[in-house]
Amino acid sequence: SGGSDLLRFNQLESRTKRLRFSKSAIHDWGLFASEPIYQGEFVIEYIGERIRSQLADLREEQYEREGIGSSYLFRVDDEIVIDATKCGNVARFVNHSCEPNCIAKTIVADGTKRIVIYASHDIQVGEEVTYDYKFPPEDVKIPCLCGAVNCRGYLN
Ligand SMILES: Nc1ncnc2c1ncn2[C@@H]1O[C@H](CN(CC[C@H](N)C(=O)O)CC2CN(CCC(c3ccccc3)c3ccccc3)C2)[C@@H](O)[C@H]1O
């Protein structure tokens, strides 16, 4: 019903007000906590255009050609990919860490699979929100700049 959706949206809005994007020591832009976030709490949903896997592959090539480099594509499962390049929220700015303070989970809500980022540790004000991208290994390696003690060295 309208009422509960509005309440949910406001809760979501107030939650996202406790996040801000800023320059990151890891890479370019990152997402930071502007209020304390506690272990287990919902942080943000990865919002964007839901597209099929085949279309995502085409867009990936297009973004590569346009020099956009790694894109804001987040694979949900074999069929669905979320593309936050043209429309999305600040979740697109979350960087990878080998010692992250969040985890990205796939949940089903309103009959659709969604990517939700939860805090796996307490997060202090000013701390960068990160999760493990869990990229599959590839031949062309991307050096990881997370700076964690146990950094794996590469994103993929
Ligand atoms: N631990 C790490 N170690 C090393 N590298 C890391 C780590 N974590 C994340 N990264 C890097 O961040 C990527 C993930 N990224 C997370 C956020 C990112 N920090 C950012 O600042 O956007 C989202 C993608 C970055 N891309 C930017 C496109 C942007 C653009 C294109 C050209 C020039 C400037 C900017 C663009 C802008 C408008 C429209 C379309 C594209 C999307 C990874 O694929 C990796 O390259």
Side-chain angles (χ1 to χ4, degrees), residues 12-37 39-107 112-156:
L12 203 64
E13 260 305 285
S14 64
R15 277 200 184 107
T16 49
K17 283 204 180 51
R18 65 182 183 174
L19 298 166
R20 57 175 177 75
F21 64 90
S22 185
K23 291 305 275 178
S24 162
I26 295 178
H27 175 270
D28 217 359
W29 294 95
L31 194 62
F32 295 81
S34 39
E35 284 174 15
I37 298 174
Q39 181 174 8
E41 277 192 308
F42 164 88
V43 176
I44 190 164
E45 179 178 353
Y46 194 95
I47 299 283
E49 200 183 345
R50 303 171 66 80
I51 59 175
R52 301 201 63 75
S53 198
Q54 293 83 343
L55 175 57
D57 295 344
L58 288 177
R59 287 194 183 178
E60 182 99 66
E61 283 160 27
Q62 176 199 339
Y63 295 149
E64 295 287 326
R65 271 200 309 277
E66 289 166 8
I68 278 185
S70 56
S71 55
Y72 290 108
L73 295 167
F74 194 117
R75 178 165 295 285
V76 177
D77 60 19
D78 292 348
E79 278 95 45
I80 298 290
V81 175
I82 294 178
D83 183 358
T85 304
K86 288 188 277 295
C87 74
N89 62 2
V90 293
R92 62 150 89 81
F93 292 116
V94 181
N95 283 318
H96 162 86
S97 174
C98 301
E99 281 179 17
N101 50 29
C102 288
I103 50 164
K105 271 186 176 170
T106 306
I107 62 164
T112 49
K113 277 188 185 174
R114 299 156 181 268
I115 303 293
V116 186
I117 296 169
Y118 283 94
S120 54
H121 296 72
D122 288 351
I123 303 172
Q124 316 302 324
V125 174
E127 197 178 331
E128 182 164 2
V129 168
T130 58
Y131 62 85
D132 187 331
Y133 280 11
K134 297 194 168 86
F135 279 170
E138 289 187 59
D139 302 340
V140 179
K141 307 306 267 183
I142 307 169
C144 180
L145 305 171
C146 74
V149 170
N150 307 321
C151 174
R152 297 195 293 266
Y154 300 101
L155 279 188
N156 55 357

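Indexing begins at 1, ligand by ligand and atom by atom, following the structure's order. When a residue number appears, it is its place in the shown sequence, counting from 1.
Against a heavy-atom cut-off of under 4.0 Å, Pro143 is close to the following atoms of ligand 1: 3 (N), 4 (C). Those atoms of ligand 1 that come under 4.0 Å of a heavy atom in Cys144, given as number and element, are 1 (N), 3 (N). For ligand 1, the atoms lying closer than 4.0 Å to a non-hydrogen atom of Arg92 are 16 (C), 17 (C), 23 (C).
If you look at Ile26 next to ligand 1, the close heavy atoms, those under 4.0 Å, all belong to the side chain.
Relative to atom 12 (O) of ligand 1, the option among Lys86, Arg152, His27 with the closest non-hydrogen atom is His27. Taking all heavy atoms of Tyr133, Phe93, Tyr154 into account, the minimum distance to atom 15 (N) of ligand 1 is reached by Tyr133.
For the pair Tyr63 and ligand 1, no heavy-atom separation below 4.0 Å is found. Contact annotation: Val94 has at least one heavy atom less than 4.0 Å from an atom of ligand 1. Ligand 1 does not have Cys98 within reach: every non-hydrogen atom of the residue lies 4.0 Å or more from it.
Rounded to the nearest 0.5 angstrom, Ile107 CD1 and Phe42 CZ are separated by 7.5 Å. With values rounded to the nearest 0.5 angstrom, Leu31 atom CG is found 10.0 Å from Ser22 atom OG.
Residue pairs meeting the side-chain hydrogen bond (donor to acceptor under 3.5 Å, both in side chains) criterion with at least one member in residues 94-104, sequence neighbours excluded: Ser24-Asn95, Asn95-Glu128, Glu99-Asn150, Asn101-Glu127.
Under a 3.5 Å cut-off, the side chain of Arg92 and the backbone N or O of Tyr72 do not form any donor-acceptor pair. Side-chain atoms of Asn156 come within 3.5 Å of backbone N or O of Ile142 as a donor-acceptor pair.
Taking any N or O of His96, backbone or side chain, at least one lies under 3.5 Å from an N or O belonging to ligand 1. Considering both main-chain and side-chain atoms, Tyr72 comes within under 3.5 Å of ligand 1 through a nitrogen or oxygen pair. Taking distance alone, with nitrogen or oxygen atoms compared against 3.5 Å, Trp29 approaches ligand 1 more closely than that limit.
Aromatic ring orientation, Phe74 versus Tyr131: tilted (interplanar angle from 30° to 60°).
Just one of Ile117, Ile115, Val129 meets the side chain to side chain contact (heavy atoms under 4.5 Å, CB included) condition when paired with Ile44; it is Ile117.
Between Lys113 and Glu79, none of the side-chain N atoms (NZ, or NE/NH1/NH2) sits under 4.0 Å from a carboxylate O, so this pair counts as no salt bridge.
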